[in-house]
Amino acid sequence: MQAGRYNPAELEPKWQAVWDGSDSLYAAEAHDSGKPKFYCLEMLPYPSGQLHMGHVRNYAIGDALARFMWMRGFNVLHPMGWDAFGLPAENAALKNNTPPREWTLKNIAAMKVQMRRMGLSYDWATEVTTCLPDYYRWNQWFFLKMVEKDLAYKKSSKVNWCPKCATVLANEQVVGGCCWRHEDTLVEQRELEQWFLRITKYADELLDGLDKMPGWPEKVRTMQKNWIGRSEGATVEFAVSGEAEKQVLSEDDSQKSKSNDNGDAAAKIAVFTTRVDTIFGATSVQLAPEHALVKEWVKTDSKLAADVEEMIAQQKAARETGDIGNIEKHGVSTGKHAVNPFNGATVPVWVANYILADYGTGAIMSVPAHDERDFEFATKYGLPVKRVIAPAVEGEPDALPSTGEEEAVLIDSGEWTGEACLEAQEKMAAFAETKGFGKKTTTFRLKDWGVSRQRYWGTPIPMVYCKNGHEGLKPGGIVALPESALPVLLPDSIEITQEGGSPLGKVPSFVETSCPVCGGPARRETDTMDTFVDSSWYFYRYTDAKNAGAPFDSAKVNYWFPIDQYIGGVEHAILHLIYSRFWTKVMRDLGMINNGEPAERLFTQGMVIKDGAKMSKSKGNVVSPDLMIEKYGADATRMYALFAAPPDRDLEWQEEGVAGVSRFLARVYRLTSKYAEGVKALEAGVNGDEIAPGMVAGQTVLGAKLLRTL
RNA sequence: GCCCGGAUGGUGGAAUCGGCAGACACAGCGGACUUAAAAUCCGCAGACCUGAAAGGGUCGUGGGGGUUCAAGUCCCCCUCCGGGCACCA
């Protein structure tokens with residue numbers, strides 16, 4: 001028998017047919033198999049209809065690892081699914097007049113064919129498709145649980161609106177002021193009634209957990225840390241002098257409203273600071289233009305009203321040119337004054353464009369001597385600068401503003417003079433609390449997750465609005481459906497529009513329903529859930545994908561979890577990867593799972609680039625995986641993706657390199673074929689000229705390499 | 001501005017704990033096979049100097065300093081490129 005010629009076009013389909021034919025080949029085994037388990041997971045794709053090189057790289061890495069662990073004798077779970085809800089299906093519907101459901105399922109089928117051609121070792125018996133009712137009904141189920149636990153609530157607030165998507169976006173979906181799907185489209189602010197998930201309840205745990213996750217890249221942990229943005233400091237109340245109005249609180253600060261019944265209490269401004277030790281150096285108080293007190297004052301001060309309006313307009317303009325963050329500091333005096341409760345000093349109250357309404361209390365004390373921004377502002381407007389931290393070298397004052405060294409000591413600070421800054425921070429906050437004008441406070445940058453979307457192709461929110469508006473229920477007659485009413489099915493053939501409001505609102509058979517409490521007429525919620533809800537827990541469903549009575553069986557999840565290796569793009573660092581950590585903690589608190597973190601190890605692979613730029617249609621540098629497979633075979637394509645650059649770095653796609661890998665595989669094949677006779681003699685029954693393809697042989701080596709890298 | 005990466009031949013990159021820099025591959029060059037070409041196989045290949053050749057020598061991992069018997073690798077300073085965050089009080 002002559003040495004076989006390497007012909008992937010012949011070889012690969014043959015073996016893929018063998019693999020497809022044996023269902024159990026890559027199937028995970030039962031929990032009592034006695035083998036150690038290994039859960040290898042790649043982020044599930046959106047079924048756009050076309051696999052791109054980024055997918056190929058992601059899945060080649062996961063596949064090599066899964067096979068490696070499988071061959072080492074682990075019980076491996078290596079599933080795949082489809083993040084199948086989302087806007088592109090609606091856009092396609094508008095464009096081609098194809099229903100989103102049909103379009104999506106067709107794409108899934110096409111991509112599955114591509115994945116099989118890639119020779120990826122998925123256990124298709126555990127496949128999850130998020131747009132099918134047997135999956136999304138559990139989104140609804142979780143939502144009801146969260147309503148019950150007060151983790152889901154509805155409120156009116158300023159939200160991000162993408163005019164192209166014609167829907168609201170979560171904060172995490174706004175990238176550089178633009179929509180995450182439309183990087184050239186600026187997000188607008190709109191005031192809307194929306195459902196929110198109380199992710200902030202877990203802010204501390206989400207943050208502190210990051211330090212106990214050595215298997216996650218430092219980069220991702222840092223991004224999450226910054227996103228959560230915990231600041232420890234204090235709030236201190238400055239009384240507005242000469243005011244005899246009711247206390248006005250910033251909008252988010254509902255807790256403090258108790259001490260509000262005293263009608264003649266002076267208006268107070270609560271400021272948040274991380275450096276309460278420098279309060280003796282405060283020479284003004286600065287309010288955000290949107291601050292509640294400012295809204296009061298402009299009613300009787302038309303000059304102030306005009307100035308503030310202009311400030312807001314300027315900010316909006318800056319946001320539109322992308323210059324927000326660089327605009328010059330700018331402020332107007334309100335003519336009012338406030339009293340520093342620590343030393344009784346009366347300082348002017350200003351409105352300034354660099355104060356954010358939605359961070360802290362929307363108001364600060366300005367300490368120009370020890371804060372750069374305050375210094376810049378004070379210099380511009382001639383406000384006094386008062387040093388309260390001793391210079392590092394006595395008699396040689398360092399340049400202002402100075403934030404103080406570790407050992408810095410306070411000066412000119414009344415009874416705290418001579419205290420070390422760090423200690424003074426603690427003591428002064430405690431003092432303020434005993435005196436009732438302040439307290440230690442922690443604020444977060446993280447906001448609750450807005451999950452309402454004014455779109456059709458998503459999970460219906462299982463809530464109704466009773467027209468009778470019962471007593472004792474949430475305001476406005478908001479009624480949660482009973483579990484027995486699930487799933488709330490998405491109606492099938494409807495007209496997709498992109499005008500204001502969800503397309504579901506125009507489907508009477510969907511909207512009109514009855515109240516589960518009184519039986520009277522009711523209107524369904526027509527917004528759908530953010531698609532990031534779907535991907536927040538999909539990897540739990542893989543362990544028990546066909547369960548019709550529950551999202552999953554806890555025993556199965558507890559066996560497989562945590563995910564041993566999660567692999568995907570870094571672009572989800574503060575989207576999917578923070579939402580799914582939140583969801584995991586919620587499920588843990590519902591008693592459904594043991595573990596509080598979903599993944600032991602996370603790997604973020606680099607981008608695939610071509611001619612120095614990320615592959616994209618607009619740049620015209622897209623390389624089609626299908627074409628590569630056709631020309632060089634799946635093995636060469638995959639092996640090149642693994643070999644040509646370290647998995648965590650960007651990979652420059654060079655077709656000559658794929659050709660080189662293909663030649664390498666041909667050599668391996670010839671070499672093995674040459675010895676096939678001997679192998680045949682040793683193992684009667686094996687076809688000598690049909691040595692298993694490079695997929696297995698090559699990947700043992702690459703798997704070992706990968707493990708070291710991961 | 002702040003945080004995190006990165007910089008090694010013509011090219012992608014390797015060097016895992018401080019121990020022969022340039023693995024492997026692409027492109028290139030020479031040879032074999034062929035009527036010829038492709039494919040395949042064998043070989044050469046960091047730069048510079050030197051030698052007829054075999055060989056010998058000097059320099060060399062973005063730049064500058066340092067530690068060490070020994071530095072791509074550790075320390076300090078700087079430049080450039082990529083990414084993230086960005087008035088967060």
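The sequence lines fix the lettering, A, B, ..., with proteins before strands; numbering per chain opens at 1. When reading the values below, keep in mind they use all heavy atoms of this one structure, side chains included, and skip hydrogens, waters and symmetry mates.
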Taking only N and O in the side chain of [X], is any of them less than 4.0 Å away from OP1 or OP2 of [N]?
X: A:Arg667; N: B:A25; value: yes
X: A:Arg663; N: B:A27; value: yes
X: A:Ser231; N: B:A89; value: yes
X: A:Arg649; N: B:G83; value: no

Take the protein atom [atom1] of [X] and the nucleotide atom [atom2] of [N], then report the distance between them rounded to whole Å.
X: A:Phe664; N: B:A39; atom1: CZ; atom2: P; result: 19 Å
X: A:Phe377; N: B:C87; atom1: CZ; atom2: P; result: 16 Å
X: A:Leu665; N: B:C24; atom1: CG; atom2: P; result: 17 Å
X: A:Lys631; N: B:A39; atom1: NZ; atom2: P; result: 13 Å
X: A:His572; N: B:G83; atom1: NE2; atom2: C1'; result: 17 Å
X: A:Glu372; N: B:C2; atom1: CD; atom2: C1'; result: 11 Å
X: A:Asp374; N: B:C88; atom1: CG; atom2: C1'; result: 13 Å
X: A:Arg638; N: B:A25; atom1: CZ; atom2: P; result: 20 Å

[X], nearest nucleotide to its side chain (from [options]):
X: A:Thr273; options: B:A89, B:C85, B:G13; result: B:A89
X: A:Arg445; options: B:G83, B:A14, B:C88; result: B:C88
X: A:Leu356; options: B:C4, B:A27, B:A89; result: B:A89
X: A:Ile574; options: B:C87, B:C85, B:C26; result: B:C85
X: A:Phe643; options: B:G13, B:A89, B:A25; result: B:A25
X: A:Met223; options: B:G84, B:A89, B:C3; result: B:G84
X: A:Lys329; options: B:C87, B:C3, B:A89; result: B:C87
X: A:Gln654; options: B:U11, B:C24, B:G84; result: B:U11

Please report the distance separating the [atom1] of [N] from the corresponding atom of [M], rounded so that it comes out in whole Å.
N: B:G28; M: B:G10; atom1: C1'; value: 8 Å
N: B:A15; M: B:A21; atom1: C1'; value: 7 Å
N: B:C80; M: B:G63; atom1: P; value: 15 Å
N: B:C81; M: B:C17; atom1: C1'; value: 30 Å
N: B:A70; M: B:G83; atom1: P; value: 40 Å
N: B:G9; M: B:G84; atom1: P; value: 27 Å
N: B:A7; M: B:G60; atom1: C1'; value: 15 Å
N: B:A52; M: B:C41; atom1: P; value: 38 Å

Next on the checklist: Please confirm whether the ring centroid of A:Phe437 lies under 6.0 Å from the ring centroid of A:Phe342.
Outcome noted: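 Ring centres of A:Phe342 and A:Phe437 closer than 6.0 Å.
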Between [X] and [Y], is NZ or CZ placed under 6.0 angstrom from the six-membered ring centre and within 45° of the ring axis?
X: A:Arg601; Y: A:Trp216; result: no
X: A:Lys329; Y: A:Tyr354; result: yes
X: A:Lys155; Y: A:Phe196; result: yes

Checklist entry - Taking the inter-plane angle between the rings of A:Phe280 and A:Trp416 on a 0 to 90° scale, is it parallel (under 30°), tilted (30 to 60°) or perpendicular (over 60°)? => result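 The rings of A:Phe280 and A:Trp416 sit tilted, inter-plane angle from 30° to 60°.
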When you compare the side chains of [X] and [Y], does any donor N or O come within less than 3.5 Å of an acceptor on the partner?
X: A:Gln224; Y: A:Arg581; answer: yes
X: A:Glu600; Y: A:Tyr566; answer: no
X: A:Thr637; Y: A:Tyr632; answer: no
X: A:Asn58; Y: A:Glu42; answer: no

For [X], which contact category applies under a 4.0 Å heavy-atom criterion: base, sugar-phosphate, or nothing?
X: A:Leu651; result: nothing
X: A:Gly229; result: nothing
X: A:Glu652; result: nothing

Next on the checklist: With side-chain hydrogen bond (donor to acceptor under 3.5 Å, both in side chains) as the criterion, how do A:Glu172 and A:Trp227 come out once you've worked through the C-alpha distance, each side chain's angles and the decisive distance to 0.1 Å?
Outcome noted: CA-CA 9 Å; A:Glu172 289 79 6; A:Trp227 184 259; 2.9 Å; yes
Item to check | Pairwise 5' ranking along RNA chain B for A:Tyr359 and A:Ala659, keeping only the more 5' one | outcome: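 Between the two, 5'-proximity favours A:Ala659.
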Item to check | 5′-ward residue of the pair A:Gly660/A:Val175 relative to RNA chain B | outcome: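 Looking at RNA chain B, the more 5' nearest nucleotide goes with A:Gly660.
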Item to check | Syn-anti status, with the boundary at 90° from 0, for the nucleotide B:G56 | outcome: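 Nucleotide B:G56 adopts anti.
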Checklist entry - Under a 90° cut-off about 0 for the syn range, is B:C17 syn or anti? => result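 B:C17: syn glycosidic orientation.
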Item to check | Intra- and inter-strand pairs of RNA chain B in dot-bracket (Watson-Crick or G-U wobble, both distances under 3.5 Å; | for another strand) | outcome: (((((((..(((......[....))).(((((.......))))).(((((....)))))..(((((..]....))))))))))))....
